[in-house]
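The shown structure was predicted, so the numbers you read here are calculated from the model rather than taken from an experiment.
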Amino acid sequence: MEFLDDTFLGNEVRQWLVALGLFVVSYVVLKYVVRLTAAHGGRLARATRTYLDDVLLAAGDAARPFSFIAVAAYIATRSLDLSDRLDWLLLRAIITVVLVQIGLSVNAGLARWLELYKTDKYADDAEALTSFNLVLYFGKTFVWVMIVLFVLQTWGVDVTALITGLGIGGVAVALAVQNVLTDVFASLAIIFDKPFLVGDFLQVGEHMGTVEAIGMKTTRLRSLSGEQLIFSNGDMLGSRIRNYGRMEERRAVFSFGLKYETAPEQTALVPDIVREIINAHERTRFDRCHFKRFGEFSLEFEAVYYMTVPDYSEFMSVQQAINLELMRRLSDQGMEFAYPTQTLYVEGANGTARSAESG
């Protein structure tokens, strides 16, 4: 077998055969290890609730055959005597392939993490889909930009000037689309922080309406009078927002007045009457009722209670029922509601005084 002693590209044939054997063995072992790891990792991922194992499994599943070939080729060429130039080219080619594989795996892991996070935290939020897609897009873009820079640096390209140029260009673009970017990132804050959701009733400044949609640049509300209110997302986050959709209870305060002719004994009965009326309703919780002060033309009372449901229509129905029952109960007790009146005292010529009441 003298041909084994023949030389090809500076290496004997037996060295090439050894390199070929190393290549095949390395490729098979790498593929087997990855497949075995994926199988065990899949069982582990299904048995746990953490994200890390699922993300690592997705990154491993993104491994491509060309990456196995590159690593196996690197191992095989270590047994050969190659020229410095060829060794330099081969090594950088292999590094390039490995970097591309890293980019694929990182992006696959990122996509899997975002998918799991969205399913776990935002399963019922259809508006979050657009924002998660945007985050994934930005994330993948950043990864590939970094991979390209590493590849260029591997091949001896000075990336310092390129990074400086990208930085200056990025600043210029950011300044040009500053308002748009502000609204885009504000939409991400709205989606992830959830200060409000689609369907919530909001008061933004002097405007009120129900959230219909949360877009990448604007949030749209449907006002009580029917028109659509459109706010930029940046304005929404910069405003004082009252979110009635998050209301768990509604505090209700109402006042009424009785005539000054009402006897003190009758006046003392009013708080108990109000308490009984409010407690008669299932979804109310009485807080207090007090004879507040002596008004200009009435004995003023203030009552406070809580609705245990936030619905405004139900609150108004309950308040109406309370008002009607209060009218009946006070009438049964011989008490009357006050209305604006004035009493004038006129002194006659004989020194007697007469009073006249006007409404």
Side-chain angles (χ1 to χ4, degrees), residues 121-127 190-191 193-214 219-229 231 236-237 239-259 262 266-295 297-333 335-340:
K121 304 294 184 180
Y122 300 88
D124 300 326
D125 190 356
E127 298 292 337
I190 290 172
I191 293 298
D193 192 47
K194 290 188 174 183
F196 53 84
L197 300 173
V198 173
D200 285 349
F201 187 81
L202 308 181
Q203 179 177 348
V204 185
E206 60 183 10
H207 303 286
M208 301 178 69
T210 302
V211 180
E212 283 192 335
I214 303 171
T219 295
R220 293 174 287 281
L221 279 63
R222 182 67 60 180
S223 72
L224 294 174
S225 54
E227 72 272 17
Q228 190 178 66
L229 304 174
F231 300 88
M236 289 292 289
L237 288 187
S239 303
R240 295 282 193 273
I241 300 175
R242 301 183 69 178
N243 189 347
Y244 293 98
R246 302 285 175 85
M247 182 184 292
E248 297 181 357
E249 292 185 332
R250 182 182 293 274
R251 184 176 184 266
V253 181
F254 67 95
S255 302
F256 59 93
L258 300 180
K259 286 186 174 181
T262 306
Q266 291 177 305
T267 303
L269 297 175
V270 173
D272 291 332
I273 293 174
V274 174
R275 178 187 293 107
E276 293 172 4
I277 293 173
I278 293 176
N279 286 336
H281 295 272
E282 291 183 0
R283 296 185 174 182
T284 58
R285 187 176 75 254
F286 177 79
D287 184 38
R288 63 179 177 84
C289 180
H290 293 95
F291 174 24
K292 184 177 180 180
R293 65 177 180 176
F294 296 95
F297 55 85
S298 66
L299 306 175
E300 296 184 2
F301 287 82
E302 183 178 77
V304 180
Y305 69 95
Y306 288 89
M307 286 288 298
T308 57
V309 292
D311 185 75
Y312 186 77
S313 297
E314 186 166 354
F315 157 66
M316 289 304 299
S317 297
V318 169
Q319 184 63 61
Q320 174 179 268
I322 291 173
N323 291 340
L324 292 173
E325 183 63 21
L326 185 60
M327 292 177 65
R328 298 188 189 98
R329 294 288 297 273
L330 294 181
S331 178
D332 293 342
Q333 295 292 331
M335 291 180 273
E336 297 182 19
F337 289 105
Y339 52 87

Please report the closest heavy-atom contact between Leu229 and Met208, naming both atoms and the distance.
CD1-O, 3.7 Å
Give a yes or no on whether a salt bridge exists between Glu300 and Lys292, defined as a side-chain N under 4.0 angstrom from a carboxylate O.
no
Shortest non-hydrogen contact from Ala268 to Pro271?
O-CD, 3.5 Å
With rounding to the nearest 0.5 angstrom, report the CE to CG distance, Met327 to Asp332.
11.5 Å
Residues which pass side-chain contact (heavy atoms from CB on, under 4.5 Å) with Gln320, listed by chain and number, not counting sequence neighbours:
Leu324
For Phe291, ring-ring contact (aromatic ring centres under 6.0 Å, His included) partners two or more places apart
Phe294, Phe301
Once salt bridge (Lys or Arg N to Asp or Glu O under 4.0 Å) is applied, do any residues pair with Arg240, and if so which ones, sequence neighbours excluded?
none
Sorted by chain and number, sequence neighbours left out, side chain to side chain donor-acceptor pair (under 3.5 Å) with Asp311 holds for none
Within a 6.0 Å radius of atom CZ on Arg283, are there more than 12 heavy atoms belonging to other residues, nucleotides or ligands?
no
Going by side chain to side chain donor-acceptor pair (under 3.5 Å), name the residues that satisfy it together with Asp272, two or more places apart in sequence or in a different chain.
Arg275
Under 3.5 Å: donor-acceptor pair, side chain of Thr284, backbone of Ile278:
yes
Do you know the tightest heavy-atom contact between Met236 and Ile241?
O-CD1, 3.2 Å
Could you grab the distance from atom CG of Leu224 to atom OG1 of Thr210, nearest 0.5 Å is fine?
7.0 Å
Quick check against the 3.5 Å criterion: does Ser331 have a side-chain atom that pairs as donor or acceptor with the backbone of Arg328?
no
Euclidean distance, Arg329 CZ relative to Ile322 CD1, rounded to 0.5 Å:
12.5 Å
Closest heavy-atom pair and its distance - Val274, Ala303:
CG1-CB, 3.9 Å
Min side-chain heavy-atom separation Leu258-Gln266 under 4.5 Å:
no
Side chain proximity check, Gln333 to Ile273, heavy atoms < 4.5 angstrom:
yes
Flag the pair Phe201 / Met247 as yes when at least one side-chain heavy-atom distance between them is below 4.5 Å, and no otherwise.
no
So, using side chain to side chain donor-acceptor pair (under 3.5 Å) as the criterion, who are the partners of Tyr244 when residues are at least two apart?
Gln203
For Ser317, give me all partners under side-chain contact (heavy atoms from CB on, under 4.5 Å), at least two apart in sequence or on another chain.
none
Considering non-hydrogen atoms only, spot the tightest contact between Asp200 and Leu197 and give its length.
OD2-N, 2.9 Å
List in chain and number order the residues that pass salt bridge (Lys or Arg N to Asp or Glu O under 4.0 Å) with Arg242, two or more places apart in sequence or in another chain; answer none if no residue qualifies.
none
Mind checking what makes side-chain contact (heavy atoms from CB on, under 4.5 Å) contact with Ser255, not counting sequence neighbours?
Glu302
Arg251 meets the side-chain contact (heavy atoms from CB on, under 4.5 Å) criterion, sequence neighbours left out, with Val253, Arg288, Val304, Tyr306
Please round to the nearest 0.5 Å and tell me the distance separating atom OG1 of Thr262 and atom CD of Glu336.
8.0 Å
Is it true that Glu212 and Arg222 make a salt bridge, defined as a side-chain N closer than 4.0 Å to a carboxylate O?
yes
Report, as yes or no, whether the 6.0 Å neighbourhood of atom CD on Glu227 holds more than 12 heavy atoms from other residues, nucleotides or ligands.
yes
With under 30° as parallel and over 60° as perpendicular, where do the rings of Phe337 and Phe256 fit, or are they tilted in between?
perpendicular
Tell me every residue that passes side chain to side chain donor-acceptor pair (under 3.5 Å) with Asn323, counting only those two or more places apart in sequence or in another chain.
Gln319
If you define the side chain from C-beta out and look only at heavy atoms, does anything of Tyr305 sit under 4.5 Å from Ile277?
no
How close do Gly209 and Leu221 get, counting heavy atoms only, and between which atoms?
O-CD2, 3.7 Å
